[in-house]
Engineer: 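This structure is in structure tokens; I'll ask about it shortly.
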Amino acid sequence: MKFAVTTLLLTLLQLPFPSQALTFGLDTQARAENVGVRKGQIKNFVTFGDSYTDVVLVSNGGTAWPVYAAGYADVDLFPFARSGATCSNNITFRPFPPLFESQLPLYFSEVQNGTLRLDPSETIYSLWIGTNDVGSNALLTGSDNASLVDVIKCMMNWVKVLYKSGARNFIFMNMVPLDRLPLYSADSYPNKFWTAARNTTEWSVFMKEMVLTGNELARVMLTALPSELPHSHIALFDSHSLFNDIVDRPALYLNGTAPLNTTGAVLSCVYQVNEPTSDPGACTLVNGSDRDSYAWFDELHPSEQADRVVAHEIAKTINGEESQWVTWLS
């Protein structure tokens with residue numbers, strides 16, 4: 001079965017795109033009226049990505065945002081995101097289930113064996129990935145001959161592969177401002193995600209530039225896709241701008257009972273330099289409703305309250321409502 005699914009993926013990547021004739025001569029105005037999904041259209045939500053989206057190994061200490069979003073939008077959730085994932089282990093290798101070598105094959109195997117029976121017109125697919133691709137033990141610290149361009153092209157192939165299999169509705173979520181996370185800030189400290197000595201200022205500047213460049217590359221490439229993919233509906237969810245706003249104006253988003261905090265974390269573990277990550281370090285944990293005063297759960301992940309904000313905006317998008325963080329490209 002694994003061989004068959006891999007063969008299917010390769011075949012999908014090689015298939016020609018449907019002819020532009022499929023637009024049946026629709027004029028510009030008619031096409032504009034078909035931008036985005038309609039209210040009440042979507043009934044199924046399929047998610048791909050990394051720990052930011054994983055509903056099994058939940059990274060925020062509570063409930064993952066896709067669960068909230070599916071509840072807010074009143075749709076069925078089909079989660080395939082897995083913690084630690086990159087877009088492809090052939091580009092940035094990590095010993096976790098990547099999008100192309102694990103998550104998509106699992107999705108297609110469930111489609112083939114009848115476990116998943118989803119009407120494409122009633123289904124929307126999301127992808128939130130990139131944090132591990134550009135991060136430590138990947139592009140930030142060196143990853144063979146891989147480049148940021150390779151990573152972004154891989155993300156675009158996610159849309160193309162699913163489109164060729166029949167999918168038509170997509171939400172692409174760009175990278176958050178990772179330089180504002182405790183792990184990659186200029187004031188960072190040794191933690192469970194990285195204990196080796198490093199120049200934190202250099203890391204922060206480099207990360208900021210990679211994220212800004214990667215997001216702009218993604219925007220340009222996504223904007224070009226609709227002309228190749230007739231009748232597709234592609235939304236760009238600007239996670240970067242949203243999280244910048246959360247950090248810059250936390251009173252609009254965070255509602256906990258402690259002083260608002262955008263630089264620390266609910267779970268913070270300080271290690272000594274080069275201390276083994278198997279050691280516990282010196283950890284502090286915020287409890288109860290105080291947790292909702294934080295933008296970050298730990299040094300790498302958004303808090304549950306920040307994820308609720310994401311979920312509300314994604315739910316609006318699924319329901320065909322306007323969100324200031326979403327641009328429908330087709």
Side-chain angles (χ1 to χ4, degrees), residues 36-37 39-83 85 103 122-131 169-178 180-181 233-256 260-262 265-267 289-298 300-328:
V37 296
K39 291 183 179 180
Q41 173 185 342
I42 301 300
K43 304 209 170 25
N44 309 302
F45 183 33
V46 184
T47 57
F48 295 92
D50 53 33
S51 59
Y52 277 30
T53 306
D54 191 343
V55 304
V56 178
L57 297 176
V58 181
S59 63
N60 65 20
T63 301
W65 71 264
V67 176
Y68 282 121
Y72 298 154
D74 192 23
V75 295
D76 292 326
L77 176 64
F78 301 90
F80 290 89
R82 296 295 180 265
S83 293
Q103 297 175 34
E122 297 180 347
T123 305
I124 197 164
Y125 298 79
S126 76
L127 175 64
W128 200 6
I129 206 163
T131 296
N169 308 305
F170 306 92
I171 302 173
F172 180 89
M173 305 169 70
N174 67 12
M175 291 181 281
V176 304
L178 295 174
R180 307 189 80 171
L181 278 161
H233 300 289
I234 303 172
L236 172 58
F237 185 93
D238 193 355
S239 310
H240 191 274
S241 293
L242 172 57
F243 274 84
N244 266 332
D245 207 43
I246 291 174
V247 173
D248 291 338
R249 302 192 295 171
L252 297 180
Y253 304 95
L254 308 179
N255 56 9
L260 301 183
N261 191 316
T262 61
V266 171
L267 175 60
S289 57
D290 284 359
R291 297 157 69 99
D292 291 341
S293 294
Y294 286 74
W296 312 113
F297 173 70
D298 56 21
L300 182 59
H301 301 96
S303 67
E304 185 175 17
Q305 176 58 21
D307 275 348
R308 290 190 192 100
V309 174
V310 171
H312 275 293
E313 300 302 319
I314 290 292
K316 290 180 186 177
T317 307
I318 292 173
N319 285 336
E321 302 170 4
E322 289 187 7
S323 166
Q324 70 180 104
W325 311 110
V326 174
T327 300
W328 282 102

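Values below: every heavy atom of this structure, side chains too, minus hydrogens, waters and symmetry copies.
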Engineer: Provide the closest heavy-atom pair for A306 versus A295 in the form atom of the first, atom of the second, distance.
Structural biologist: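 Taking A306 first and A295 second, the nearest heavy atoms are CB-O, 3.7 Å.
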Engineer: Would you check if V176 and Y52 make a side-chain contact, meaning some heavy-atom pair closer than 4.5 Å?
Structural biologist: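 In short, these two side chains touch, coming nearer than 4.5 Å.
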Engineer: Measure the spacing between NE2 of H233 and CD1 of I124 and express it to the nearest 0.5 Å.
Structural biologist: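 Result: 9.5 Å between the selected atoms.
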Engineer: Kindly compute the distance separating OG1 (T47) from CG (D54), expressed to the nearest 0.5 Å.
Structural biologist: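 Answer rounded to 0.5 Å: 8.5 Å.
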Engineer: Which atom pairs, one a donor and one an acceptor, fall under 3.5 Å between side chains of residues 312-320 and the rest of the protein, sequence neighbours left out?
Structural biologist:
{"unit_1": "E313", "atom_1": "OE1", "unit_2": "S323", "atom_2": "OG", "d": "2.5"}
{"unit_1": "E313", "atom_1": "OE2", "unit_2": "K316", "atom_2": "NZ", "d": "3.4"}
{"unit_1": "T317", "atom_1": "OG1", "unit_2": "E313", "atom_2": "O", "d": "3.0"}
{"unit_1": "N319", "atom_1": "ND2", "unit_2": "A315", "atom_2": "O", "d": "3.4"}

Engineer: Are side-chain heavy atoms of N60 and S303 found at a separation under 4.5 Å?
Structural biologist: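 N60 does not reach S303 side chain to side chain.
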Engineer: List in chain and number order the residues that pass salt bridge (charged side-chain N to carboxylate O under 4.0 Å, His left out) with D74, two or more places apart in sequence or in another chain; answer none if no residue qualifies.
Structural biologist: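 For D74 there are no salt bridge (charged side-chain N to carboxylate O under 4.0 Å, His left out) partners, ignoring immediate neighbours.
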Engineer: Quick one: list whatever passes side chain to side chain contact (heavy atoms under 4.5 Å, CB included) with P177, sequence neighbours left out.
Structural biologist: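 Partners of P177 under the side chain to side chain contact (heavy atoms under 4.5 Å, CB included) test: D179, R180, H240, F243, N244.
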Engineer: As an exercise, state the distance from CG of N44 to OG1 of T123, rounded to the nearest 0.5 Å.
Structural biologist: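 With rounding to 0.5 Å, CG (N44) is 4.0 Å from OG1 (T123).
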Engineer: Is F45 close to N169 at the side-chain level, that is, under 4.5 Å between some pair of heavy atoms?
Structural biologist: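 They are not in contact (no side-chain heavy atoms under 4.5 Å apart), so the answer is no.
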Engineer: Please answer whether the main-chain N or O of N174 pairs with a side-chain N or O of S239 as donor and acceptor at a distance below 3.5 Å.
Structural biologist: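 Side chain of S239 to backbone of N174, a donor-acceptor pair under 3.5 Å: yes, one is there.
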Engineer: Are the side chain of W296 and the backbone of T262 linked by a donor-acceptor contact shorter than 3.5 Å?
Structural biologist: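 Indeed, once roles are kept as given, a pair shorter than 3.5 Å links the two residues.
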Engineer: Could you give the distance from CD1 (I246) to CD (Q305), rounded to the nearest 0.5 Å?
Structural biologist: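 Going from the CD1 atom of I246 to the CD atom of Q305 covers 8.5 Å.
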Engineer: Mind checking salt bridge (charged side-chain N to carboxylate O under 4.0 Å, His left out) for R82 and listing every partner two or more places apart, or none if nothing turns up?
Structural biologist: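 With sequence neighbours excluded, R82 shows a salt bridge (charged side-chain N to carboxylate O under 4.0 Å, His left out) to no residue whatsoever.
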Engineer: Applying salt bridge (charged side-chain N to carboxylate O under 4.0 Å, His left out), name anything that partners D307, two or more places apart in sequence or on another chain.
Structural biologist: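 D307 satisfies salt bridge (charged side-chain N to carboxylate O under 4.0 Å, His left out) with no other residue.
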Engineer: Treating S51 as the side-chain partner and S59 as the backbone partner, does any N or O pair qualify as donor plus acceptor under 3.5 Å?
Structural biologist: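 Judged by distance alone, no pair lies under 3.5 Å.
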Engineer: Given side chains that start at C-beta, do those of F297 and E304 come closer than 4.5 Å, heavy atoms only?
Structural biologist: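 No; the side chains remain at least 4.5 Å from each other.
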Engineer: According to side chain to side chain contact (heavy atoms under 4.5 Å, CB included), who are the partners of F48, at least two apart in sequence or on a separate chain?
Structural biologist: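 With sequence neighbours excluded, F48 shows a side chain to side chain contact (heavy atoms under 4.5 Å, CB included) to V46, F80, L99, Q103, L104, Y107, Y125, L127, W158, L162, given in chain and number order.
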Engineer: In Å and rounded to the nearest 0.5 Å, what is the OG1 to CZ distance from T63 to R308?
Structural biologist: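 CZ of R308 is found 7.5 Å from OG1 of T63.
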Engineer: Work out which heavy atom in A85 is nearest to a heavy atom in D50; give both atom names and the distance.
Structural biologist: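 Smallest interatomic distance, heavy atoms only, reads O-CB, 3.6 Å.
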Engineer: Would you compute the distance between atom OG1 of T131 and atom CG of L300 and round it to the nearest 0.5 angstrom?
Structural biologist: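 If I round to the nearest 0.5 Å, the distance is 6.5 Å.
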Engineer: Please name the pair of heavy atoms, one in S293 and one in L254, separated by the smallest distance, quoted to 0.1 Å.
Structural biologist: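 Heavy atoms of S293 and L254 come nearest at O-CD1, 3.3 Å.
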Engineer: Under 3.5 Å, is there a donor-acceptor pair between the side chain of W128 and the main chain of I171?
Structural biologist: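 Here the side-chain-to-backbone pair does not exist.
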Engineer: Should M173 and V310 count as side-chain neighbours, where that means a heavy-atom distance under 4.5 Å?
Structural biologist: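 Touching, per the 4.5 Å side-chain cut-off.
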